[in-house]
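Per chain, numbering begins at 1; letters A, B, ... match sequence-line order.
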Amino acid sequence: MDNLEAADVLREIAELLEIAGESTFRIRAYERAAQVIRSLPRDINSLDRKGELTEIPGIGKGIAAKLHEFLTTGEMEYFEELKAKIPESLAELTHVSGLGPKKAKLVYDELGIVGLDDLREAVSEKKLRSLPGMGAKTEANIARGLELLERSRGRLLLNEAVPAAEIFIDYLKGEPGVGALEAAGSLRRRQETVGDIDLLCAADDPADVAERFCSHPEVERVTARGEKKCSIVLHSGLQIDLRLVWPGEYGAALQYFTGSKAHNIRVREIAVKRGLKLSEYGVFDVSNGRRLAAATEAEVYGALGLPWIDPALREDRGELEAARIGALPGLIRLEDIKGDLHVHTVASDGQSTLREMVDFARSLGYAYIAVSDHALKLRVAGGLSEAEFEEQWREVDALNDELTDFRVLKAVELNIDNDGEVDFPADFLVRYDVTTASIHGGFGQDRARLTERMVRAVRHPHIDIIGHPTGRVLGRREPYDIDLTAVFEAAAESGTALELNAFPDRLDLNDGYLMEAKKVGCRFAVNTDAHHSGQLTYMRYGIDIARRGWLEPDNVINTFPLPRLKAWLTGLRTSRPPF
DNA sequence: GCCGTTTTCGGCCCGACTGTTTTCAGTCG
């Protein structure tokens, strides 16, 4: 059992309690516990063994005992009892937009509907409209919800969502009456995937803006249209919400709609303790109803005695405590990046030539790039032999002779084989400027073996960076079953850097792991793994996730100017204990 | 079910939109 499995059970309990009509506070307690555990940067099994579960905020005696039972036996009696009372599949019904816990219970009680297939059938037979409190419109709404659920099962990756939002922002910007305008919600926080896009717009005359928004040629359906909010679904199935606010309330609205939900609840609690009230309209003095702040986010946080908090941090993972004592991190920015240390070329499985990669990197203002084609053993990816690397180095040397303001580093992406060995012997590895090693196969090994294999690579005296450390591919492949705490500790000790792979479907390490690894003292490299020159721009998504992981420029080796990077690499290799 | 620089009991974040209602419940974020 890992954190994600435990979090899923707690979330499902919350959903079932909702349908059962339980106290909203109990439901929220389970929701909060699930959310905390999902993003907890520590393994709950080890916390449980030490009896420290209740030290996690939001986990008290009750949930700790249930978790202990679940972690040690694989079952939870309370959950089983709940499922005996309410079919588990009813929880799935509430994922249908327009159908909440109350109506799910209603269709179950009245029509015996227990799952999505039943629901689809009841909709097509027009059975829902006859239920109390329901009508033809509700039924049609649920029908659309069902359709939407099927179409949008997969959430959007950042490289899909960010450009889509930018298209609509460009479309509305500059129109008469359109003031400040930007994405809010999970997209502004740059979660690794987003379910829908929230846009916020300051407008004196919202009706005009709403009209233009809803008449974009890509709009398939307008699902809500009010004074303050419009929702549209595009032909692609993507949902976009537009919130319209009076310009003087823009900051309060932006704070509110950016979330996260957990962050906002905490911020409001802080407001309440100060005799204030925070809503999307501003910060108000409860005693006299006067509005103290609303125009900008900085004013809103300021009225609560807090500094402005970067959206990337707003997850209730310690940012409010840090803000209170002036200890917020100085987050890394895209401009801090001096080069990319993981890119491929046509020599292995890339699509651009070395020269094309170098030219594009220079156009991004980089000072260096590490050309890190696959090595020998990864045959499927056209891995290079020693002789082929030597040939590539001659090309690299020629480029470096030609370029005065830029450096091409000799590099490689080694394959960590099933025993933790890599492609080349030490006497060849020392000839590279920088080496990355990654796992590309043997995912099915058991946890102990995988961990040992990875730790062995981390301690290797000639490996500088571990590539995509968990191996997950969003929507396609689960992370390797590996004890990352052990990997992080080994990396901190040996000085080996961990990659944050910026490829949008990898984003590996993720934000929670970055936080954990940073805490134990690891260094990182944010790299794109570009297989085409244009993919070098994926660096922005890597930086988005780095910021969510609280990384600062000094934690990331490719923010170093070339001399410092070289000194770091030299120090790394000479200071390590013999292998 | 959680939590405590007023509390170990009694609180727990806030408002808009929709549809089915004649004053509000359910849903959503």
Handout entry: Spacing between A:Leu93 atom CG and B:dG26 atom P, to the nearest angstrom
Key = 17 Å
Practice task
Report the distance from atom NZ of A:Lys228 to atom C1' of B:dT18, rounded to the nearest whole Å.
Solution key: 16 Å
Exercise for the section: Could you check how far NZ of A:Lys229 sits from P of B:dG15, rounded to whole Å? Expected result: 17 Å
Exercise for the section: For nucleotides B:dC13 and B:dC28, find the distance between their C1' atoms and express it as a whole number of Å. Expected result: 15 Å
Exercise for the section: Determine: side-chain N/O of A:Lys105 to OP1/OP2 of B:dG26, distance under 4.0 Å, yes or no. Expected result: no
Practice task
Scan A:Pro132 against the nucleic acid and name what it touches under 4.0 Å (heavy atoms): base, sugar-phosphate only, or nothing.
Solution key: nothing
Practice task
Over 60° means perpendicular and under 30° means parallel, so classify the ring planes of A:Tyr78 and A:Tyr30, tilted if in between.
Solution key: parallel
Fill in the blank from the handout: From the candidates B:dC12, B:dT27, B:dC2, the one with an atom nearest any side-chain atom of A:Arg28 is B:dC12
Problem - P gap between B:dG1 and B:dT5, integer Å - result: 23 Å
Exercise for the section: Go through B:dT27, B:dG1, B:dT20 for me and flag the one nearest to the A:Thr138 side chain. Expected result: B:dT20
Practice task
Take A:Gly133 and A:Tyr281, find for each the nucleotide of DNA chain B with the closest heavy atom, and name the residue whose nucleotide sits nearer the 5' end.
Solution key: A:Tyr281
Practice task
Between B:dT7 and B:dT18, how far apart are the C1' atoms? Round to whole Å, please.
Solution key: 40 Å
Practice task
Classify the nucleic acid contact of A:Arg129 as base, sugar-phosphate or nothing, counting any heavy atom under 4.0 Å across all strands shown.
Solution key: nothing
Problem - Atom P, compared across B:dT21 and B:dG26: separation rounded to whole Å - result: 13 Å
Practice task
Choose from B:dC28, B:dC14, B:dT27 the nucleotide whose nearest atom is closest to any side-chain atom of A:Ser97.
Solution key: B:dC28
Exercise for the section: For A:Tyr301, look at atom OH and say whether over 12 heavy atoms of other residues, nucleotides or ligands are found less than 6.0 Å away. Expected result: yes
Practice task
Using the C1' atom on both, measure B:dG19 against B:dC9 and round to a whole Å.
Solution key: 40 Å
Practice task
Measure from CZ on A:Arg26 to C1' on B:dC3 and round the result to the nearest Å.
Solution key: 15 Å
Problem - Rounded distance (Å) that lies between atom P of B:dC17 and atom CG of A:Leu242 - result: 12 Å
Problem - P gap between B:dT20 and B:dG11, integer Å - result: 37 Å
Problem - Interatomic distance, A:Ile27 CD1 vs B:dC12 C1' [rounded to whole Å] - result: 13 Å
Exercise for the section: Can you figure out which of B:dG1, B:dT27, B:dG15 approaches the side chain of A:Lys277 most closely? Expected result: B:dG15
Practice task
Looking at every strand, decide which applies to A:Val245 at a 4.0 Å heavy-atom threshold: base, sugar-phosphate, or nothing.
Solution key: nothing
Problem - Salt-bridge contact A:Glu192-A:Arg472 (side-chain N to carboxylate O under 4.0 Å) - result: yes
Exercise for the section: Round to the nearest Å and state the distance from A:Glu269 atom CD to B:dC2 atom P. Expected result: 15 Å
Handout entry: A:Ala224 side-chain proximity, nearest of B:dC14, B:dC17, B:dT27
Key = B:dC17
Exercise for the section: Could you please name the option among B:dC28, B:dG1, B:dG26 that lies closest to any side-chain atom of A:Ser23? Expected result: B:dG1
Handout entry: Nearest-angstrom distance, C1' atom, B:dA16 to B:dC12
Key = 22 Å
Handout entry: Under 3.5 Å: donor-acceptor pair, side chain of A:Glu160, backbone of A:Leu157
Key = yes
Exercise for the section: With the side chain of A:Lys137 defined as its heavy atoms from C-beta on, choose the nearest nucleotide among B:dG15, B:dT20, B:dG1. Expected result: B:dT20
Problem - Centroid-centroid under 6.0 Å between A:Phe168 and A:Phe213 rings - result: yes
Exercise for the section: Using atom types as modelled and distance alone, determine if a side-chain donor or acceptor of A:Asp205 lies under 3.5 Å from a backbone N or O of A:Gly177. Expected result: no
Problem - Mutual orientation of the aromatic rings belonging to A:Tyr538 and A:Tyr541 [parallel < 30°, tilted 30-60°, perpendicular > 60°] - result: tilted
Practice task
For A:Ala136, report the nucleic acid contact type (base, sugar-phosphate, nothing); a contact means any heavy atom under 4.0 Å.
Solution key: sugar-phosphate
Practice task
Hey, which sits more toward the 5' end of DNA chain B by its nearest nucleotide, A:Phe257 or A:Ala64?
Solution key: A:Ala64
Handout entry: Among B:dG1, B:dT27, B:dC13, the nucleotide that comes nearest once only the side chain of A:Ile265 is considered
Key = B:dC13
Exercise for the section: Searching all strands shown, indicate the nucleotide that pairs with B:dA16 (Watson-Crick or G-U wobble; both distances under 3.5 Å). Expected result: B:dT27
Practice task
Assign A:Gly98 to base, sugar-phosphate, or nothing according to its heavy-atom contacts below 4.0 angstrom with the strands shown.
Solution key: sugar-phosphate
Problem - Atom pair distance, as rounded to whole Å: CD in A:Glu31 and C1' in B:dC2 - result: 14 Å
Problem - Nearest-nucleotide pick for A:Pro101, side chain only, options being B:dA16, B:dT27, B:dC2 - result: B:dT27
